[in-house]
Structure formats: structure tokens, C-alpha cells
Amino acid sequence: MINKEIAKILYEMSILLEMKEVGFKPRAYEKAADSIESLAEDIGNIYKHGGLKALEDIPGVGPSIGEKIEEYIKTKQVKEYKKLKKEIPVDIEGLVSVEGIGPKTILRLYKKLGIKTRDQLEKAAAAGKLVKGGFGKKTQDNILKGISFLKKEHGRYLLGEIMPIAETILEKIRALPEVQSAEFGGSLRRMKETVGDLDFIAFSDKPAEVVEKFLKFSEVKSIYSKGRHKALVRLSIDIDADIWVLDPKSTGAALIGWTGDKQHNIALRTLAEKKGWMLNDYGLWRGKTLLASKTEEEVYKKLGMDWIPPELRENKGEIEAALEGKLPQLIGYDDIKGDLQVQTDWTDGRNSIEEMAKAAKELGHEYILITDHTKSLAMTGGSDEKRLVEQMAEIDKINLKFKNQNSKFKVLKGAEVNIMPDGTLDIDDETLAKLDIVGAAVHSKFNMSEKDMTARIKRAMENPNVDIIFHPTGRLIQKREAYKVDMDDLLKTAKRTKTVMEIDAFPDRLDLKDEYIRKAVEMGVKLSIDTDAHVLVHLQYLKYGIGQARRGWAEKKDIINTRSWQEMLKLLK
DNA sequence: GCCGTTTTCGGCCCGACTGTTTTCAGTCG
């Protein structure tokens, strides 16, 4: 994947151009960088298959940036970037990551003090050289503070890791007597797989008091800035959080402004402007006349479109769809009826089958599928054929217990069968045929070529016993890259063989990821959403998988486990 | 440099907060 490398170059070019006060180009480069960074497909592949023309189909990429991408693919460099960099040879990424430092400050630091790197900046600031160089004392202190925070910085956090803390804080805000309502904003509300900071938005007639009380929360470690309506703080778990408090009358407009990503908001505001109106965080306006502001629905409707679910607000076609009334009916957070990937103490899970089943029932599920590992995954004590048969008998007993208690809860028999490097499975077909549902997954030899890995998984899909491919790309967010596969080819094969692709809801997997989910949905491939639970509490991860499914435009009908188990089984091979 | 529900040329989102060049530019989201 060279997407990141290219995005970085384009992003740095946008900053270099901004330093030179070039008009409008910086935004164009930034937009292209953003767009490329969020592509699921390798941009090298896009170029290989469709050439320059395909590159120009990427939003924000036109002839000029297209050529630069082509140049990078062919020569591993971009001449114009090199030229700009020669003029201002500074470590942009390192400097711009310091809170409060932008293009203009970088330029001043370089011209006045010759500072090129974050290290040099830290040394200069610590020695008081910034003040001597014409900067203010406070600026110098803030830079030092910013750098010391960066050293402890974790970067982005996993959605599932941060959500419980965010929910606690949101509840505390909602409980304040001055607060009428409060919501998440930003990537948190969009359920993005990782979040960089936490955004809270509250509505109150007494904003300054709410801000003051928020600043006193035990979770707040230090304060970067505070005003009458806004504050930016560092939490004790070393993540930044924003709060914004305003008049309840602006609820809809403010939530829209604080939920959509930058590109979604720009698109909406541009659309308003085309109608001769103006959209800001307080409302939709014609001159000084307020047209809409109270609810999100009202504002979107006035703009001529349907309400857009938060998860879609990233300007990836949702605005066009909303204008045409063609948004998908997204799967809801309560639509899943059973969990299809659950490990137990028969292998590497912590709890028994019965404990897992009871916990799932408590959560309102109608069924679970038990999917312990199989024998070639030795470190988990994976089951062989004999042990699988024993486990099936155990499940029969548990189901009988439920029946005797007048419960309709059902434990289904399954396994997470290992796909060997050649694409065969480590359990014989005769045993697999006895299971209700078979999940298959890759757990070894991740570094095969794209061609071999694709062939390996396709061969597993061709097996008439294999119903679901678990965590289809094997990635661990921020830990391990996905193994290389031709996703188009896999999805085509899944469609033809009626194999289901899993959306694994475990916080560091979320695999398939959102872009691939959208592709699968477009191709009519069926999906399942499972937690991959190894302990009782993991069963609650389902919502993160549903969030990704929604980000991938999936509807209830696309997800097999939104059905009763009887209906679901009919859909399978 | 990109883009099109007024446009293939002429536009390009909007506002809060901070520090300080002290009347506003820079940064952030």
C-alpha cells in the first residue's frame, strides 16, 4: 500500500504551498491527500488497472495531481515536491504535529531561527531562544508543553477501547442540571474505527457554567484553552477532549456541524450557498432570517435532502443519495439476533459454553454459534474431529436445558476452522458437515503473495461446508497489516459460492473494514456481524461491528444474523 | 488545482479562541 506515502507527500505539499501563500492550491492538495488516505484499494493497483484516467476518478484528484501520483508510482519521487522541499527543508510532519504550530509558524521558525526539526524546536524553546527570536513567552511555553504531550501521545485510539470512557463522560455531562441534552460529535459519533480525540456537544441556557463544571471533572488532567462556549482539555488517560456548549435552539445545526467530517461540512455549506443561504453551527440562514436549526432533520430537509445517519457523513456519496432520497435503510443497533463467533473454554476462551449462552441470552440474543479453534492452531488447544463431536453432544445437552426451562434460546454448533496455506481445511469434510455453521479463517503464514493468499482463501470458499470467512483480511488495527488479498476477486467468489463474509466486531479487528463492507454490499455479498468473544464481556462488542456495517452502507437484509436462526440457516450453502 | 442542481470559468465553509505584530493573523476543528 503506497496510499499513505502518496497522501503524505500531497499533504506536505499543501503545507508548503500554504507557507508560500499560494491561493487555493493548498486546499486542493489537502483534499486529495484526505481522499487517498481513506481509499480501501491500493492506489498502485488502481493505476495498474485503469491508468491516469482511473486516478482522476478519485475525488479531489485531477490532471495535475493525477500526474504527480503517476510520477510517484513510476519513479518513487515527485519532482515538484522535491523542489518545494529544497526551498524550505523542514520536517513538516514532525513540526505540524505540535499543537498550535501551523504552516506560518513553521516558516517563521525556519527563517528566523533556522529550526528544521521537532528536536531543534524543543532545544531552542527550552533555551529561551524563541523569545529572543521574536516569539512571545507564552508561545514558547505552549510549544514546550505541546512537545512534551506528544512524547506521551498514543496517536489514535481504538473505538472500542475509548467508547466506554467516552460514554461515562457523556453521562456526566447529561447529568448536569444546566444541560438539556448532550451528544458525541466527530469521529466518535461517526463510529470511525479509531478516534483521535473526544468531542462532546451540550445544549444549555448557561453555557459558561457547563464549561466550568466540565473542567472540574475528575477525568480532566489539564486545560489547553477555555472560553464561554468551548474548552479543549487533556484527559488523564492521555487523550484530548473538546466540549462545546450552546443554545438549545441551535441543536440541529450544531450537531450537523460537529458530526460530519470536514468534507461533509464543506459540501453542505457549499450547497447552502448555492441556494443563496448560509449554513453555520447556529442554523441555516437567508440573510438574517433563520430557516432551520432546531433538529438535524429540519436542517437537512430545508436543504432538500433526507436526514443522513452520522456514520455516513464523510462526503462519500451520502449527500447525493440524500438529495435523491436514495439513502440506504441502515442496519440498526438492535437488529442482530445472534452472535456467530464465540470461543469457549474448550479452546482459548475463558468461559464455558453454557456461561456464554446465558450471557448472550441476557443481552437479548436468540442464539449463538460456538466456534472454537481447530487442531492446527495448537497454541489454543484447537479441537480435532473427535473433540468436535464431543462438543456437539455437550451443546445438545445445553439446548435441552434451555428447552426444559421453556426458553427458545438456541446454541448452534460451529467451529473456527483453520485454512491451511494450500487452502485446505484442518478438519475433515465428514465432521464439518455435521456442524450447523462452519467459519473458516487464516491464522498462519500471513506473508504470502497476494496471488497465493487470494487462491488460498478462494479454495476454502469453494468447500461446500464453509459458510463464513472469519476476519477476512487478518488485520489488527495499529498492530498488524492486513495480509495481501485481491478483495474484488474474493467478493466475486463469495457471491458465486454463497459464502458469507464476516464483519468481526472485536475492537482491534473490525474486519471487514468499512470500505470493503460497502463494496461487498454493492456486489450483493452477504455479511455476518460477530464479536469473536473469548470472555463474557466481549459479547458486548457487537455495536462496534454494527457501526462499521453502517459506515459501509449495509442494510438489515445484507446481514444474515438479523434473521431468526431457522431463516438464517436457509440462506447458507 | 479541482469542480459543476446557476458554472468548463470563476469560484473555493465558517467561527471560537489565543497571543500579541494591540486590531487581527494563525490555528483548530
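A note on names: the letters A, B, ... follow the listed sequences, proteins ahead of strands, and every chain is numbered from 1. The shown structure was predicted, so the numbers you read here are calculated from the model rather than taken from an experiment.
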Sub-4.0 Å heavy-atom contacts from residues 292-307 of chain A onto DNA chain B, ordered by number: none
Answer yes when A:R551 and A:E193 have at least one side-chain N-carboxylate O distance shorter than 4.0 Å, and no when they do not. no
Can you tell me if A:N265 touches the phosphate of B:dC13, counting only side-chain N or O atoms and a distance under 4.0 Å to OP1 or OP2? no
Taking B:dT6 as the reference, what is the distance to B:dC14 when you measure between their C1' atoms (whole Å, please)? 23 Å
Report yes if the side chains of A:F203 and A:L246 come closer than 4.5 Å at any heavy-atom pair, otherwise no. yes
How long is the line joining CG of A:L10 and C1' of B:dG1, in whole Å? 11 Å
Taking any heavy-atom pair under 4.0 Å as a contact, classify A:P59: base, sugar-phosphate, or nothing. sugar-phosphate
Answer yes or no: are there more than 12 heavy-atom neighbours, outside A:E522 itself, under 6.0 Å from its atom CD? yes
Just how far, in rounded Å, is P of B:dC14 from CG of A:L271? 12 Å
Before accepting this row, confirm whether a basic side-chain N of the pair A:K221/A:D238 lies closer than 4.0 Å to the acidic partner's carboxylate O. yes
Heavy-atom neighbours of A:Y11 OH exceed 12 at 6.0 Å: no
If I pick the C1' atom on B:dT7 and the same atom on B:dC3, what distance separates them, to the nearest angstrom? 10 Å
Establish, from distance only, whether the side-chain atoms of A:S35 and A:K31 form a donor-acceptor pair under 3.5 Å. no
Protein proximity profile, nucleotides 20-29 of chain B - base contact B, sugar-phosphate-only contact S, no contact -, cut-off 4.0 Å on heavy atoms: SB----SSSS
For a quick check, tell me whether the side chain of A:K275 and the base of B:dT6 share a donor-acceptor pair closer than 3.5 Å. no
For B:dG11, which nucleotide is its Watson-Crick or G-U wobble mate, given both distances must be under 3.5 Å? B:dC2
Using atom P in both nucleotides, what's the gap between B:dG15 and B:dT8 to the nearest angstrom? 29 Å
How long is the span from the CD atom in A:E70 to the NZ atom in A:K74, to the nearest 0.5 Å? 4.0 Å
Stacking between A:F24 and the base of B:dC2 (centre distance under 5.5 Å, interplanar angle under 30°)? no
Report the nucleotide, chosen from B:dG15, B:dC2, B:dC13, that has the shortest atom-to-atom distance to any side-chain atom of A:I266. B:dC13
Syn or anti for B:dT7 (syn when the glycosidic angle lies within 90° of 0): syn
Rounding to the closest angstrom, what is the interatomic distance between B:dT20 and B:dG26 at atom P? 14 Å
With DNA chain B as reference, determine whether A:A28 or A:Y282 sits nearer its 5' end, using the nearest nucleotide of each. A:A28
Rounded off to whole Å, could you give me the CG-to-P distance for the A:L130 and B:dG19 pair? 15 Å
Has A:E481 got more than 12 heavy atoms of other residues, nucleotides or ligands less than 6.0 Å from its CD? no
With rounding to the closest Å, how many angstrom separate the P atoms on B:dC28 and B:dT23? 25 Å
Distance in angstrom units between A:I36 CD1 and B:dG1 P, rounded: 15 Å
Show every ring-ring contact (aromatic ring centres under 6.0 Å, His included) that has at least one partner inside residues 206-240 of chain A, sequence neighbours left out. A:F149-A:Y224, A:F214-A:F217
B:dT5 and B:dC12: how far apart are their P atoms, nearest whole angstrom? 16 Å
Can you check the A:E18 CD to B:dC12 C1' distance for me, whole Å? 13 Å
Return the nearest nucleotide to the side chain of A:S225; candidates are B:dG1, B:dC17, B:dG15. B:dC17
Same-atom distance (C1') from B:dG19 to B:dC13, integer angstrom: 25 Å
Could you tell me the separation between the CZ atom of A:R27 and the P atom of B:dC3, rounded to a whole number of Å? 12 Å
Taking NZ from A:K226 and C1' from B:dT18, how many angstroms apart are they, rounded to a whole number? 14 Å
Are OP1 or OP2 of B:dC12 and a side-chain N or O of A:Y29 less than 4.0 angstrom apart? no
Remember a base hit wins even if backbone is also touched, and classify A:L279 as base, sugar-phosphate or nothing at under 4.0 Å, heavy atoms. sugar-phosphate
Answer yes if the side chains of A:T473 and A:D511 hold a donor-acceptor pair under 3.5 Å, and no otherwise. yes
For atom NZ of A:K484, is the number of surrounding heavy atoms from other residues, nucleotides or ligands below 6.0 Å larger than 12? no
Could you check how far CG of A:L84 sits from P of B:dG1, rounded to whole Å? 11 Å
Which nucleotide, B:dC14, B:dG1, B:dT6, lies nearest any side-chain atom of A:S64? B:dG1
